[in-house]
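Counting convention: from 1, in listed order, for ligands and their atoms alike. Below, each value reflects all heavy atoms present in this structure, side chains not excepted, and no hydrogens, waters or symmetry copies. If you read the sequence from its start, that first residue is 1, and numbering goes on from there.
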Amino acid sequence: MKKIATSAVTLAAVGAMLLAGCAGTSERGGGDQTTAGPSGGSSSDTTALTQCLTDAAATVDASASGGAASEITPSTGFEAGAQIGVSLPQKTSQNWVEAEGMFNDQLTAAGYQPIVQFATNGVPDQQNQITAMVTQGVKVLIVGAVDGSQLGGQLDQAKAAGITVIAYDRLLMNTESVDMYVAYDNYKVGQLQGQAVINGMLETQGQPPYNVELIAGSPDDANSKPFFEGAMSVIQPGIDCGAIKVLSGQTTQQQVATQGWLASNAQKRMDTILGANYTDAKLNGILSPNDTLARAAIAALDSAGKADEKTVISGQDSETASIPLIMKGTQYMTIYKDTNGLVKEIVKIVNLLQQGQPVPINDTTSYDNGVKVVPTDLLTPQVVTADNATTVYANDATRQPCTQDPAPASCNQ
Ligand code: BGC
């Protein structure tokens, strides 16, 4: 879906690694890091593997998201105080729960009448809710899809009624009937996760090679692909040069997917993998696409008696239940995608649409939904570790207290 420039950089880095001799180590066995240092590897091998990982991690550009500035004018304007529809998916992570109150508050404060609903029972629920919002006469429809490829008919109804359709956080797939996409940069989220897992292992797990297992999000969520592909753009070179081993052998998005983003599904899969592959070997890292699934992986490690291996685990969403784990080092990192900021951005856009004004976008190339490239307004995600959490959350009244030791009980939700 994305980022020719980044891939070129990655390819260049892989080329450099091949020249540095990383490829020659790819058949080496081992990876059990119970004691520091590679099993049977010479120190020059270790140096090459470390270099390979350092180079891979260095390919990630942490600068602001978005490309060339442009604008679109999808609306000729509508009455102040109009109804605005917001259709959200299931409450699979804290960000969706927080979005409900923020949309209600901010849209009301801007003078609109918000209709905010969750598709608790999945795709048919969301289809019915969108149809009802169209009938009720909303002027803008903001959709965080359960499955972005299953709403074509309802979105066509919305377009036929002159409604502006905005894909929120998750892209709407295979439809002409979407005007724009507003989200944190999903591919970059994945890259930052992959980079952090590598850096975390280099910091805390002794010398490579490292054993890593991979987890991806729900296959029906369009975000799962850019998250996974972004992460693998950093991790795959490590696998290719032999610095990272995946003992389960499960490395495709399909193999590592978590249906419905459900913690129980990820935990079950990790239980099986740990039992089959890691009774003797140490698991150095786990790529997890979000905090809910990171905590599921931590639960699996705990029940396998591996809590003291200090496995490096990634996450996303800055969930309050994960922040204390990050401060303690049980979860290595998360991503901050401030929901308040994303909702604020949407309300700013709704105001422009209401006045029939042009709406600024900053990406006109990356998000092809299968039938068109959707004009996109990308926001920049931020990495959070124990080192910068208090600074990153300084202005977030919900999260800041969770960085304290002990964290208030309210964090553990
Ligand atoms: C969101 C993530 C979230 C996941 C599960 C994704 O579409 O971008 O922030 O963790 O859904 O709810």
Side-chain angles (χ1 to χ4, degrees), residues 1-2 65 86-100 102 118-120 122-123 126 142-151 166-173 181-193 215-231 253 256-267 287-297 313-323 326 331 333-343 345-346 366-367 369 374 376-384 396 398-399 413:
M1 176 144 27
K2 201 150 150 119
S65 297
V86 182
S87 175
L88 300 173
Q90 293 103 335
K91 300 176 183 178
T92 43
S93 47
Q94 193 174 8
N95 56 312
W96 299 112
V97 180
E98 291 176 331
E100 180 185 27
M102 290 168 180
F118 283 102
T120 309
V123 171
Q126 191 157 40
I142 297 147
V143 183
V146 174
D147 180 340
S149 64
Q150 300 289 325
L151 300 173
I166 302 177
Y168 170 79
D169 187 275
R170 299 175 173 178
L171 188 55
L172 292 161
M173 304 301 289
Y181 179 39
V182 185
Y184 283 92
D185 186 338
N186 301 303
Y187 189 85
K188 185 169 279 185
V189 165
Q191 286 184 309
L192 294 171
Q193 290 169 332
I215 303 174
S218 191
D220 49 7
D221 176 352
N223 284 354
S224 296
K225 189 172 186 289
F227 291 157
F228 188 70
E229 289 183 351
Q253 190 192 336
V256 306
T258 308
Q259 191 63 45
W261 285 101
L262 291 177
S264 53
N265 287 340
Q267 192 170 336
L287 172 76
S288 164
N290 79 359
D291 289 345
T292 301
L293 303 188
R295 294 196 302 278
I313 305 173
S314 62
Q316 168 177 206
D317 295 329
S318 290
E319 293 199 337
T320 52
S322 277
I323 295 169
I326 288 165
Q331 181 181 325
M333 64 84 73
T334 187
I335 298 280
Y336 191 40
K337 302 192 304 187
D338 178 23
T339 302
N340 204 42
L342 192 58
V343 172
E345 186 75 4
I346 296 268
S366 301
Y367 287 91
N369 78 350
V374 182
T376 297
D377 179 13
L378 282 184
L379 281 68
T380 305
Q382 249 180 300
V383 170
V384 186
D396 187 322
T398 305
R399 287 168 176 74
Q413 306 176 351

Short list, please: which atoms of ligand 1 are under 4.0 Å from a heavy atom of Phe227? 8 (O)
Contact partition for Trp96 relative to ligand 1, non-hydrogen atoms under 4.0 Å: side chain
OH on Tyr187 to OH on Tyr367, rounded to 0.5 Å: 10.0 Å
Rounded to the nearest 0.5 Å, what separates atom CG in Leu262 from atom OG1 in Thr92? 8.0 Å
For atom 9 (O) of ligand 1, find the nearest protein heavy atom and state the residue, atom name and distance (0.1 Å precision). Asp317 OD1, 2.6 Å
Taking atom types as modelled, is there a side-chain donor on Lys225 or Gln253 under 3.5 Å from an acceptor on the other? no
Going by the order shown, which atoms of ligand 1 are within less than 4.0 Å of some heavy atom of Asp169? 1 (C), 6 (C), 7 (O), 8 (O)
When you check the gap from the basic side-chain N to the acidic O, do Lys188 and Glu229 get nearer than 4.0 Å? no
Ligand 1 versus Asn95, non-hydrogen atoms closer than 4.0 Å: side chain, backbone, both, neither? side chain
closest protein heavy atom to atom 11 (O) of ligand 1 is Arg170 NH2, 2.9 Å
Only one of Asp221, Asp147, Asn223 passes side-chain hydrogen bond (donor to acceptor under 3.5 Å, both in side chains) with Arg170; say which it is. Asp221
Which protein non-hydrogen atom lies closest to atom 6 (C) of ligand 1, naming both residue and atom, and how far is it? Asp221 OD2, 3.2 Å
Atom 3 (C) of ligand 1: which protein heavy atom is closest, and how many Å away? Ser93 OG, 3.4 Å
For Asp169 and Tyr184, which I'm curious about, is there any donor-acceptor pair between the side chains at under 3.5 Å? no
Below 4.0 angstrom from a heavy atom of Lys337, which ligand 1 atoms are there? Numbered from 1 as shown, please. 1 (C), 2 (C), 8 (O), 9 (O)
Under a 3.5 Å cutoff, is there a donor and acceptor pairing between the side chains of Thr334 and Asp291? yes
For Thr92, which part has a heavy atom under 4.0 Å from ligand 1: side chain, backbone, both, or neither? both
